[in-house]
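Since the model is a prediction, treat every value here as computed from it, not as a measurement.
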Amino acid sequence: MNKLFLKKVFILVFFANIATSIFAQQKPNIVFVLTDDQSYGLMGCTGNEFVQTPNIDKLADEGVMFTNAHITSAICTPSRICILLGQYERKHGVNFNSGTSVSDEAWEKSYPMVMRKAGYYTGWVGKNHAPVGKGGYESGVMEKSFDYWYAAHGHLGFYPKDRHKIFNDAIAFTQPEIINEGVDDFLDPNARKLKGAIKFLETRPKDKPFLLSINFNLPHSASTKTMKLKKDDDEIYKSLYRDIKLPLPDNYIAKKDIKTPKLPADLLRAEDRQEGYNYSDNPKDFRERYTRQLQAMTGIDRLVGNLRAKLKVLNLDKNTIIIFTSDHGLFMGEQGLGGKALCYEKTTHVPMIIMDPSFKRKNRGRKSDALVQSIDLAPTMLTMGSIAIPSEMQGKDISNLLVDKSAKEVRDYVYTENLWSTQFGNPVCEAVQDKEWKYIRYYRNKNFSATKKIKVAKELGIPVNKMLYAVHDPDIAFYRDLSDASWQGEKPVYEELYNLKKDPAELHNLVKNGEYNAKLDALRKVWKKEILNARGTGKPKVYRYTNDSDPTGGH
């Protein structure tokens, strides 16, 4: 009797395991590709006539491209955390100047952690710029959060081995190619094993769906700056595009020719801008940096092609969704501006492509002008994996927009913000927009000058970077005030109103044109609603993370 009972139990368990395995295999694999500082117009499929991105263009031809996608914060760290947590910065409370890191409690609700708990085998390759856990980058939380880790914290540079030991075993020297080796190692059990990679299991299990996050530090300004045209570099990075005299951007203004600044001088203090963006000030330096950005994009594109070829060889292509986007855009001299951290289209409007091999023919190559945001990707990936969306996520599931062009759009307005108000001249600003109108509001710039800090640092022999980038405990309170003041009643000192259909480059501020007073008042009311929604309820779930708490933490 007992033997018969045990036999039945064994059979039930056996078939249950088979069913679980089959179900796991039916769930789609997901590859999420995130670039850095990539403006919307840096691909062939978004209208660039010079860049060679055939593989990304093909991805768009076979997927859905969102032409009205925006980030929430146009600066690396907060934007990437927004993507990971599916939250606005005002909710999660972490930036370069915030003196905070993501708490373990908040991190548990990130899309990689939720998907891993739901049975996905997870990998992270490339760059991490999200401080997570007590001690931020030094906590080790990120490395332990994935089944496969081949990444480094902060900037990678174009030659990652120069900065991070984890990449030393790679055969390649340049960033796209080193990241490509990590992708192959994650996907292919027969690929060359990278000694630096941290693995939970030696080989990716075939009975589990996988989630692979590929994170570039390109075509980021700081990384393209480190390109050296070395003799061993691929020809892409030495000669491509150098036989073309690349045109200046529309509405480009060299620094010497600026007569009226885009924003009041006491609001956006251009003299304090980080010197890393000075290439935008004159045509010669602009063209050199733009050439390098195009070269980097072609290197990224080649990885996308290699990725798709590898998926096909491994018979994974029919069940692997690929998502491609960027963390924000970048000004390169348009209207005399350089850098990011503003709420204009050049910095907030990003490419977003989602390719699902299960798409019916009618959905392939489709363009959607629906208003979507980077925070929508986390809940969308969870839905694709048949996983419940945590209530903490503020983004919207946009999966219906992928398969039904008549599906109801997820929002009427996009809300963006900049809380990276620092000595580098940036003011706090917020924006709301629909498909036709954008309203931006700015607040008094309360920051001490970077120029003055640099002067004193040099006089006293203090390392300039320490003077500029060290974050101390009082900065936590300052950042929190920047975050809270506007929704608690601080008045703007400057406002802008643009008709995006007639003026997509945001050249003509209509805020003082009485003809549009009704529109302005309506958008002010929308702003109030959207900022309260972005703030949410409760305190940000963060840890203290400053040079006082962690002197070697790499803030």
Working note: K199 + E202, criterion side chain to side chain contact (heavy atoms under 4.5 Å, CB included); need CA distance, chi angles, decisive distance, verdict.
CA-CA 6 Å; K199 302 179 182 181; E202 187 60 31; 4.0 Å; yes
Would you say the side-chain atoms of S39 pair up with the backbone N or O of L330, donor to acceptor, closer than 3.5 Å?
yes
How about E436: does its CD atom have over 12 heavy atoms from other parts shown lying under 6.0 Å from it?
yes
Sidechain N-carboxylate O distance under 4.0 Å for E530, R411
no
Less than 3.5 Å apart, which donor and acceptor atoms pair up between the side chains of residues 307-315 and the rest of the protein, not counting sequence neighbours?
residue	atom	partner	partner atom	Å
R308	NH1	E62	OE1	3.2
R308	NH2	E62	OE1	2.6
K310	NZ	D188	OD2	2.9

Y111 vs S213, side-chain hydrogen bond (donor to acceptor under 3.5 Å, both in side chains): CA-CA, chis, key distance, verdict:
CA-CA 11 Å; Y111 81 80; S213 297; 3.0 Å; yes
Check this for me: K161, atom NZ, are more than 12 non-hydrogen atoms of other residues, nucleotides or ligands nearer than 6.0 Å?
yes
With no hydrogens and no angle check, is any side-chain donor or acceptor of E181 less than 3.5 Å from a backbone partner on I179?
no
Expected output: side-chain S101 to main-chain G133 donor-acceptor under 3.5 Å
yes
For the student: nearest non-hydrogen atoms of Q373 and T416, plus distance
NE2-CG2, 4.1 Å
Do the rings of Y88 and Y415 sit parallel, tilted or perpendicular, given the 30° and 60° boundaries?
perpendicular
Sole residue of F146, W124, F200, F210 in ring pair (Phe, Tyr, Trp, His ring centres under 6.0 Å) with F186
F210
Count the heavy atoms of every other residue, nucleotide or ligand shown that sit under 6.0 Å from CZ of F50, and state whether that count exceeds 12.
yes
D369-T67 side chain donor-acceptor pair, cut-off 3.5 Å
no
Less than 4.5 Å apart, any side-chain heavy atom of Q433 and any of H70?
yes
Is there a side-chain contact between L246 and T291 in this structure, where contact means two heavy atoms from C-beta onward sitting under 4.5 Å apart?
yes
Would you please test L156 and H164 for side chain to side chain contact (heavy atoms under 4.5 Å, CB included) and show each step?
CA-CA 7 Å; L156 303 187; H164 302 286; 4.0 Å; yes
Flag the pair E409 and K435 as a salt bridge only when some basic side-chain nitrogen lies within less than 4.0 angstrom of an acidic carboxylate oxygen.
yes
Side-chain contact, heavy-atom cut-off 4.5 Å: M43 with I353?
yes
Between D104 and Y543, is any side-chain donor less than 3.5 angstrom from a side-chain acceptor?
yes
Are any non-hydrogen side-chain atoms of S368 and M65 less than 4.5 angstrom apart?
no
F331 ring center within less than 6.0 Å of Y277 ring center:
no
Expected output: side-chain N48 to main-chain V51 donor-acceptor under 3.5 Å
yes
So do the side chains of C429 and E417 get within less than 4.5 Å of each other, counting heavy atoms only?
no
Determine whether the side chains of Y148 and D185 contain a donor N or O and an acceptor N or O closer than 3.5 Å.
yes
Would you mind reporting whether F286 and P249 have side-chain heavy atoms less than 4.5 Å apart?
yes
Donor-acceptor pair, distance only, cut-off 3.5 Å: does the side chain of S326 make one with the backbone of H328?
yes
Rounded to the nearest 0.5 angstrom, the CD1-CG distance for I354 and L402 is 4.5 Å
Any donor-acceptor pair under 3.5 Å from N418 side chain to A341 backbone
yes
Nearest heavy-atom neighbours spanning D434 and L500
O-CD1, 4.0 Å
What I want to check is whether the side chains of D301 and N55 have a donor and an acceptor closer together than 3.5 Å.
yes
Answer with yes or no whether the side chains of D376 and T380 bring together a donor and an acceptor at under 3.5 Å.
no
Residues T100 and Y479: side-chain donor-acceptor under 3.5 angstrom
no
Write down the atom of Y120, the atom of P28, and the distance for their closest heavy-atom approach.
OH-O, 2.6 Å
Q38 versus Q293, side-chain donor and acceptor atoms under 3.5 Å:
no
Aromatic F158 / basic R292 pairing, under 6.0 angstrom, 45° off normal:
no
Among side-chain atoms of S221 and D37, is any donor-acceptor pair under 3.5 angstrom?
no
Before you tell me yes or no, could you show the steps for L201 and D147 under side chain to side chain contact (heavy atoms under 4.5 Å, CB included), namely the whole-Å CA-CA distance, both residues' side-chain angles and the distance that decides it to 0.1 Å?
CA-CA 7 Å; L201 296 173; D147 298 305; 6.0 Å; no
Any side-chain heavy atom of F359 sitting closer than 4.5 Å to one from V403?
yes
Check: H220 and C76 side chains under 4.5 Å, non-hydrogen atoms
yes
All heavy atoms of Y545 vs all of G135, minimum pair found to be CE1-O, 3.3 Å
Determine, step by step, whether Y279 and Y290 satisfy the ring pair (Phe, Tyr, Trp, His ring centres under 6.0 Å) criterion, reporting the C-alpha distance in whole Å, the side-chain angles of both residues, the deciding distance to 0.1 Å, and the verdict.
CA-CA 10 Å; Y279 64 85; Y290 187 41; over 10 Å; no
Neighbour count above 12 (heavy atom, 6.0 Å) for E49 CD:
no
Would you find a donor on one side and an acceptor on the other, under 3.5 Å apart, between the side chain of R204 and the backbone of L187?
yes
Do Q295 and T298 have side-chain N/O donor and acceptor atoms under 3.5 Å apart?
no
If you draw a 6.0 Å radius around NZ in K58, do more than 12 non-hydrogen atoms from other residues or ligands fall strictly inside?
no
Less than 6.0 angstrom from the centroid, inside 45 degrees of the normal: does K208 satisfy that with respect to the ring of Y121?
no
Test ring pair (Phe, Tyr, Trp, His ring centres under 6.0 Å) applied to F167 and F173, Y150, Y159, the passing residue
Y150
State whether a side-chain donor-acceptor pair under 3.5 Å links S386 with K27.
no
So, the side chain of Q394 versus the backbone of N533: is there a donor-acceptor pair under 3.5 Å, distance only?
yes
Can E392 and Q87 be said to form a side chain to side chain contact (heavy atoms under 4.5 Å, CB included), step by step?
CA-CA 8 Å; E392 290 84 354; Q87 294 179 352; 3.7 Å; yes
How far apart are the C-alpha atoms of T77 and N95, what are their side-chain angles, what is the distance that settles it, and do they pass the side-chain hydrogen bond (donor to acceptor under 3.5 Å, both in side chains) test?
CA-CA 6 Å; T77 285; N95 202 323; over 6 Å; no
Could K117 and E108 be called an ion pair, given the rule that one side-chain N must be under 4.0 Å from one carboxylate O?
yes
Mutual orientation of the aromatic rings belonging to Y137 and H153 [parallel < 30°, tilted 30-60°, perpendicular > 60°]:
tilted
Between S374 and I83 the two heavy atoms that sit nearest each other are CB-CG1, 3.7 Å
Would you say the side-chain atoms of T347 pair up with the backbone N or O of K340, donor to acceptor, closer than 3.5 Å?
no
Short side-chain donor-acceptor distance under 3.5 Å, Q175 and Y237:
no
